[in-house]
Amino acid sequence: MAIISSHTAAAEGEPAKSRTAQPRSEALQAQKGREDHHEENLRPKNLDDYAGQKELKAVLSLLVAAARHRSEPLDHLLFYGPPGLGKTSISLILAHEMGVNIHLTTAPALERPRDIAGLLVKLQRGDILFIDEIHRLPRITEEILYPAMEDFRLDITVGKGQNARITSVPLPRFTLIGATTRVGALSSPLRDRFGFIQRLRFYEVDELTGILHRNAQLLQIAIDEAGASEIARRSRGTPRIANRLLKRVRDYAQVESDGLITEPVACAALELFEVDPLGLDWTDRRLLQTLIEHYNGGPVGIESLAAATGEDSQTIEEVYEPYLMQIGYLLRTARGRMASAAAYRHLGYTPPQRFEQVSLLDSSDPLGLHN
């Protein structure tokens with residue numbers, strides 16, 4: 001399998017001076033080489049090594065086996081869900097399982113028709129084209145993908161005005177894998193052309209603990225079961241966050257302890273980095289505090305909340321809200337966002353009387369959100 005990124009050419013085109021700006025000692029170069037090797041190996045290579053998403057793994061194993069049996073490429077796939085849940089990793093695994101090349105790019109990098117056309121004409125039979133943030137595809141690029149996905153052809157307009165004509169270039173059968181955090185932002189014609197659409201869920205603590213043990217071994221980090229579990233509990237159900245916290249706790253353990261990550265060491269390190277026992281960081285708490293202190297717990301519109309916190313509304317919706325809603329601290333209603341009673345208690349506030357009143361009502365809809 002070869003991994004081909006659309007950003008590779010830009011990196012190779014940098015001046016030689018920037019790549020060799022400062023000589024380094026052989027020891028530092030060797031250390032960097034080991035770190036790069038470890039970083040590359042953090043991603044699992046096959047479905048058996050991929051932790052979590054059990055239902056998705058079962059379906060993908062079936063799709064891969066069926067495609068191999070027919071000697072055909074995989075159908076087009078669309079993965080969606082919050083950032084950091086492994087959409088890119090799954091795509092790389094599928095390329096490895098199918099024994100094909102994968103071309104990685106992002107939708108913002110495909111601004112002009114020739115950008116997507118250049119990628120399509122380089123594909124070989126069975127290759128995978130992975131487009132991250134596919135909901136941000138320009139309209140003209142999206143329209144070029146329609147015949148490419150359905151009929152495996154590239155329609156090129158030659159000439160201008162009355163002399164313009166469309167020439168069709170046949171393409172080998174390939175697989176398009178799209179990844180997005182906002183599946184609702186995709187147009188129906190594009191979404192309907194995917195043969196399999198799957199949402200990635202948040203990970204359980206035991207799944208994240210297994211991921212942390214595996215990655216700690218690859219990074220040569222000493223960690224015990226309790227230390228891994230403590231980091232997993234504060235990782236918001238997201239492997240990317242778990243890996244980031246693992247590295248920061250490693251730094252703390254090497255400087256302030258003997259290098260072994262235990263539960264007390266993990267707790268002390270994460271408190272230093274302002275990650276509380278539920279995985280909320282400073283921005284999460286500030287979002288909830290603003291909602292409680294400035295708007296009496298809500299409801300408040302997303303734009304007003306964004307203006308009050310200084311965060312972009314899209315960032316709030318895609319990065320912070322999913323987890324806060326998952327743990328029941330934030331409620332999204334037709335009138336706006338509301339803080340729950342659990343959010344009040346977690347931040348040390350006394351819940352308003354309205355929460356005590358609604359607790360006496362039907363528990364199936366305590367806040368009347370579905371009326």
Side-chain angles (χ1 to χ4, degrees), residues 1-6 43-50 52-81 85-107 110 115-137 141-155 168-201:
M1 179 193 70
I3 301 174
I4 305 168
S5 172
S6 64
R43 293 187 188 273
K45 297 296 188 297
N46 51 61
L47 286 172
D48 292 335
D49 294 337
Y50 188 87
Q53 311 290 343
K54 296 179 181 178
E55 299 82 3
L56 176 59
K57 282 174 57 177
V59 174
L60 292 179
S61 296
L62 176 66
L63 295 179
V64 169
R68 283 176 172 174
H69 180 74
R70 297 190 303 267
S71 298
E72 294 180 356
L74 288 168
D75 203 351
H76 304 305
L77 310 173
L78 177 63
F79 299 128
Y80 70 96
L85 295 185
K87 295 182 283 291
T88 304
S89 294
I90 290 178
S91 302
L92 293 170
I93 288 173
L94 290 175
H96 183 269
E97 294 280 357
M98 294 296 296
V100 298
N101 299 329
I102 181 169
H103 303 253
L104 304 174
T105 188
T106 61
L110 305 175
D115 296 327
I116 186 64
L119 283 174
L120 291 173
V121 297
K122 289 190 293 186
L123 295 175
Q124 300 177 8
R125 178 177 171 79
D127 279 3
I128 293 176
L129 174 59
F130 175 80
I131 302 180
D132 200 7
E133 301 182 71
I134 195 170
H135 63 276
R136 297 176 61 185
L137 272 180
T141 302
E142 182 178 318
E143 292 176 350
I144 292 174
L145 279 177
Y146 293 163
M149 295 175 68
E150 277 192 327
D151 305 320
F152 300 101
R153 75 172 194 271
L154 175 61
D155 293 337
S168 295
V169 177
L171 297 173
R173 293 183 64 88
F174 69 96
T175 299
L176 174 64
I177 299 182
T180 178
T181 56
R182 303 177 60 193
V183 68
L186 268 69
S187 66
S188 294
L190 179 60
R191 188 170 58 248
D192 293 344
R193 282 172 167 81
F194 287 97
F196 178 72
I197 302 175
Q198 179 66 42
R199 181 183 189 274
L200 273 67
R201 61 169 177 81

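What you see is a predicted model; the values in this text were computed from it and never measured.
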Flag the pair [X] / [Y] as yes when at least one side-chain heavy-atom distance between them is below 4.5 Å, and no otherwise.
{"X": "Ile93", "Y": "Asp49", "value": "no"}
{"X": "Leu145", "Y": "Ile131", "value": "yes"}
{"X": "Leu137", "Y": "Leu190", "value": "yes"}
{"X": "Ile116", "Y": "Leu129", "value": "yes"}

Using a 3.5 Å distance criterion without hydrogens, assess whether the side chain of [X] forms a donor-acceptor pair with backbone atoms of [Y].
{"X": "Thr175", "Y": "Pro73", "result": "no"}
{"X": "His135", "Y": "Thr180", "result": "no"}
{"X": "Lys87", "Y": "Gly81", "result": "yes"}
{"X": "His76", "Y": "Met149", "result": "yes"}
{"X": "Arg68", "Y": "Glu97", "result": "yes"}

Set of residues satisfying side chain to side chain donor-acceptor pair (under 3.5 Å) with respect to Glu133, sequence neighbours excluded: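 Glu133: side chain to side chain donor-acceptor pair (under 3.5 Å) contacts with Arg136.
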Atom of [X], atom of [Y] and distance for their closest heavy-atom approach:
{"X": "Leu74", "Y": "Met98", "answer": "CD1-CG, 3.8 Å"}
{"X": "Ile128", "Y": "Ser91", "answer": "CD1-O, 4.4 Å"}
{"X": "Arg43", "Y": "Ser89", "answer": "NH1-OG, 2.7 Å"}
{"X": "Leu123", "Y": "Pro172", "answer": "O-CG, 3.1 Å"}
{"X": "Arg125", "Y": "Glu72", "answer": "NH2-CA, 4.2 Å"}

At what distance, to the nearest 0.5 angstrom, does [atom1] of [X] lie from [atom2] of [Y]?
{"X": "Ile134", "Y": "Phe79", "atom1": "CD1", "atom2": "CZ", "value": "12.0 Å"}
{"X": "Asp48", "Y": "Ser61", "atom1": "CG", "atom2": "OG", "value": "7.0 Å"}
{"X": "Leu120", "Y": "Lys122", "atom1": "CG", "atom2": "NZ", "value": "10.5 Å"}
{"X": "Leu94", "Y": "Leu47", "atom1": "CG", "atom2": "CG", "value": "6.0 Å"}
{"X": "Asp127", "Y": "Leu119", "atom1": "CG", "atom2": "CG", "value": "11.0 Å"}

Parallel, tilted or perpendicular: rings of Phe174 and Phe152 (30°, 60°):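 Taking Phe174 first and then Phe152, their aromatic rings stand perpendicular (interplane angle over 60°).
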Val183 and Leu78: CA distance, side-chain angles, deciding distance, side-chain contact (heavy atoms from CB on, under 4.5 Å) verdict: CA-CA 9 Å; Val183 68; Leu78 177 63; 4.0 Å; yes
For a quick test of your reading: what N or O donor-acceptor pairs under 3.5 Å do the side chains of residues 193-200 make, sequence neighbours left out?
from, atom 1, to, atom 2, distance (Å)
Arg193, NH1, Pro189, O, 2.8
Arg193, NH2, Glu150, OE1, 3.4

Trace of the side-chain contact (heavy atoms from CB on, under 4.5 Å) decision for Leu77 with Ile90: CA-CA 11 Å; Leu77 310 173; Ile90 290 178; over 6 Å; no
